[in-house]
Amino acid sequence: MPFLPATLLLLLLFLLPAGASAQVYKCKGKSGETAYSEHPCDANAQPMKLRSERLPAPVALPPPPPAEAGEPEQSPLRESGSPPPAPAEQDRSAERGCIATATASIYGPSNDRVATYQQQMAMLGEQLDNAADAKRSQALQARMDNLRRAISREHAYAHDQVNAARRRCVEQYRPTP
């Protein structure tokens, strides 16, 4: 009888990977968003091909040899023997970093606001599809037009802010002739 629990355990271990695999379907929502599900959403649902093999383990690189006393430490991004970057190149790098930071800090919140407007547009579109009378439809259309204008204003305002921030970064990091 002690043989039975070991056999049962071994059988369960063989069945475990089969139960872990599942089919995943890619579906499109009414407003165009992509959704993933275990079950087909509709006739247009596409089964996804999933990776069955494991990714290779990362290879550890050996540590670089220690620098000799009095020898400047090499940057891992530069080839050995190459001269250090010129100050103008360092300024350009700082300028690019300044622009990237400003762009992210402006477009991030702006994109969040636009996404909120687009969600409101989607809800209004669903209400418009179910609107029973013409007066309600006109009111919903007017609200959707206002949201479209708000999205356009938001894009224009963010674009102006990024251009101004870009000019400030250029002025800060480029020498004047």
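Start at 1 with the first residue, then count along the sequence. Everything numeric in this text was worked out from a predicted model, so none of it was measured.
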- Task: Could you pull out all residues at least two apart from H159 that satisfy side-chain hydrogen bond (donor to acceptor under 3.5 Å, both in side chains)?
- Result: N163
- Query: CG of N146 to OH of Y117: how many Å apart, nearest 0.5 Å?
  - Reply: 11.0 Å
- Hydrophobic cluster identity match, I99 and V162, side-chain contacts under 4.5 Å: no
- Quick one: list whatever passes salt bridge (charged side-chain N to carboxylate O under 4.0 Å, His left out) with R168, sequence neighbours left out. none
- Query: In chain order, what residues pass the salt bridge (charged side-chain N to carboxylate O under 4.0 Å, His left out) check against R149, with sequence neighbours excluded?
  - Reply: none
- Taking the hydrophobic residues Ile, Leu, Val, Met, Phe, Trp and Tyr, and joining any pair whose side-chain heavy atoms are under 4.5 Å apart, which ones share a cluster with V170? none
- Between atom CE of M144 and atom CE of M123, what is the distance when rounded to the nearest 0.5 Å? 11.0 Å
- Task: Could you name each residue pair satisfying side chain to side chain donor-acceptor pair (under 3.5 Å) that touches residues 118-132, not counting sequence neighbours?
- Result: Q127-R136
Could you list the donor-acceptor pairs under 3.5 angstrom formed between side-chain atoms of residues 105-113 and any protein atom two or more places apart in sequence or on another chain?
from : atom 1 : to   : atom 2 : distance (Å)
S105 : OG     : T101 : O      : 3.3
S105 : OG     : A102 : O      : 2.9
S110 : OG     : E154 : OE2    : 3.0
N111 : ND2    : Y107 : O      : 3.2
R113 : NE     : E154 : OE1    : 3.2
R113 : NE     : E154 : OE2    : 3.1
R113 : NH2    : E154 : OE2    : 2.9

